[in-house]
Trainee: 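Just passing along the structure, written as C-alpha cells.
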Protein chains: 2
Amino acid sequence: MTQHLELVQSLRQAGHRLTPQRESVLAVIADSHEHLSAEEILARVRKRYPYLNKSAVYRSLELLTELGLVTLTDLGHGRVEYELHRHPHHHHLVCRKCKSVQQIDHRLFQNLQKKLESDFGFRADLDHFAIFGTCRKCSTRTAKNPKRHSH
Amino acid sequence: MTQHLELVQSLRQAGHRLTPQRESVLAVIADSHEHLSAEEILARVRKRYPYLNKSAVYRSLELLTELGLVTLTDLGHGRVEYELHRHPHHHHLVCRKCKSVQQIDHRLFQNLQKKLESDFGFRADLDHFAIFGTCRKCSTRTAKNPKRHSH
DNA sequence: ACACTATTTGCAACTGGTCGCAATTGCATC
DNA sequence: GATGCAATTGCGACCAGTTGCAAATAGTGT
C-alpha cells in the first residue's frame with residue numbers, strides 16, 4: 001500500500017482534492033492486479049462506501065487516467081477496463097471477427113512512440129494499447145468460406 | 001456513384017444480402033467526404049427511408065466495418081465516427097487534456113503494421129487510427145502550473 | 001476553531017449504442 | 001412467379017457512461 005500513498009501524493013500535487021470517494025477508487029485499483037471494469041470497481045468501492053454514486057467513480061477514473069496513474073483499455077467487449085499504470089506494459093491485438101485477444105510486447109511500439117515525441121512533441125499513452133483487426137485464423141477462414149463468421 | 005456500386009458488389013460477394021437499409025447506409029457514407037457520426041448517418045438515411053430503425057443502421061455499420069469498406073474512429077468525443085475507407089489514410093493524435101486532434105501521416109504506422117502481419121499473422125486495421133496522449137502544449141503547461149487544465 | 005469558496009459529489013434525466021426475439025424479407029430453387 | 005428458409009429488421013427494453021445543476025465539502029486563510 002505504499003503505492004497507494006504515492007498515488008495520493010500525485011493527486012494532491014496535481015492540485016486536486018483528496019476526497020473519500022477518490023481515495024477508495026484509488027485503493028481498489030491499487031489493490032487489484034487485474035483489469036477491472038468500471039462496474040466492478042463500483043461494486044468493490046461500495047464495500048467501503050455503500051452509497052457512493054457511480055458518477056463519482058467515473059469522474060475519479062477519468063481524472064486518474066488523465067493524470068496517467070491509471071490506464072484504460074477498450075478491448076471491444078462493450079466495456080472499458082481500468083488498471084493501475086505499471087511499467088512496462090503489454091498491448092493487445094483484438095480480432096474484430098472472433099473477438100479473440102492476443103498479447104504482444106510493448107517494445108513493438110517503442111519506435112513509434114519515440115517518433116511521435118520527437119516529431120510532434122506528443123506523449124502517446126501507448127502503455128496499454130488495443131489494436132483492432134483480423135487475426136490469422138479469421139483471415140484465412142474468410143478467404144475460403146465467405147459466409148462463416150463466429151462471434 | 002460507381003463507388004457505390006463496387007461497395008454493393010463487395011457486400012454481395014461476402015455472402016450478405018442487399019437490403020434497402022444497407023443500401024441507403026452505404027449510399028450516405030459513399031456520398032459524404034467527411035467523418036459522419038452514427039446519428040448523422042441515421043438522420044441522412046431517414047431522408048430516404050423515414051422509418052428506418054437505428055439498430056439497422058448500427059448493424060449495417062458494424063458489418064461494413066467488418067468487411068473493411070468503412071472505417072471507424074473514436075476520437076474521444078463520446079461518439080464514434082464513420083467514413084468510407086479510402087487509401088491512403090491519415091491518423092489522429094488526440095490529446096486527453098485539451099481534446100485537440102492532430103493529423104499525422106499513415107506512413108508512421110507502416111513498420112508496425114508489417115511487423116504485426118509477419119510476426120503474428122494479424123491484419124491490423126491501422127487505416128484510421130486514434131492515439132491518445134498528451135500534446136506538446138499540455139505537457140509543458142502541466143509541468144509549470146499543475147492546476148490548470150482546459151477542456 | 002471558523003468562514004470562505006472553488007472543487008467535487010449526488011442525483012436524476014439523458015445519450016449512444018446493444019440485444020433478444022418475433023415478424024419480415026432477400027434471394028436461391030424450383 | 002411461387003415456395004422456403006436463413007438472414008435481416010423493427011421494436012422495446014436494456015446497458016454503460018455522461019451531464020447539468022443544486023447541495024455538500026476539502027483545503028486555504030484567519
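A, B, ... follow the sequence lines: proteins, then strands. Residue 1 opens every chain. Keep in mind the model is a prediction, meaning the values are calculated, not measured.
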Trainee: When the nearest nucleotide of DNA chain D is assigned to Leu11(B) and to Ser55(B) on a heavy-atom basis, which residue is associated with the more 5' position?
Mentor: Leu11(B)
Trainee: Show each protein N/O and nucleotides 13-16 of chain D N/O combination with a separation under 3.5 Å, one pair to a line.
Mentor:
| residue | atom | partner | partner atom | Å |
| --- | --- | --- | --- | --- |
| dA16(D) | OP1 | Arg79(A) | NH2 | 2.9 |

Trainee: Students often get this wrong, so: under 4.0 angstrom with heavy atoms, is Thr19(A) touching a base, only sugar-phosphate, or nothing?
Mentor: sugar-phosphate
Trainee: Would you say that Leu26(B) contacts Leu11(B) through its side chain, given a criterion of any heavy-atom pair below 4.5 Å between the two side chains?
Mentor: yes
Trainee: Flag the pair Tyr82(A) / His35(A) as yes when their ring centroid distance falls below 6.0 Å, and as no otherwise.
Mentor: no
Trainee: Between Arg44(B) and Glu34(B), is a salt bridge (charged side-chain N to carboxylate O under 4.0 Å, His left out) present by the stated rule, with each step listed?
Mentor: CA-CA 13 Å; Arg44(B) 295 193 187 189; Glu34(B) 356 147 42; 3.3 Å; yes
Trainee: Using a cut-off of 4.0 Å on non-hydrogen atoms, how would the nucleic acid contact of Arg22(B) be classed: base, sugar-phosphate, or nothing?
Mentor: sugar-phosphate
Trainee: Within the 4.5 Å heavy-atom criterion, are His92(B) and Thr73(B) side-chain neighbours or not?
Mentor: yes
Trainee: Examine distances only and state if a side-chain atom of Ser32(B) and a backbone atom of Val28(B) form a donor-acceptor pair shorter than 3.5 Å.
Mentor: no
Trainee: Side chain of Arg17(A): nearest nucleotide among dC21(D), dA26(D), dG12(D)?
Mentor: dA26(D)
Trainee: Out of dG10(C), dT9(D), dC27(C), which has the shortest distance to the side chain of Arg59(B)?
Mentor: dT9(D)
Trainee: Could you work out which one of dA12(C), dG27(D), dG10(D) sits closest to the side chain of Arg12(A)?
Mentor: dG27(D)
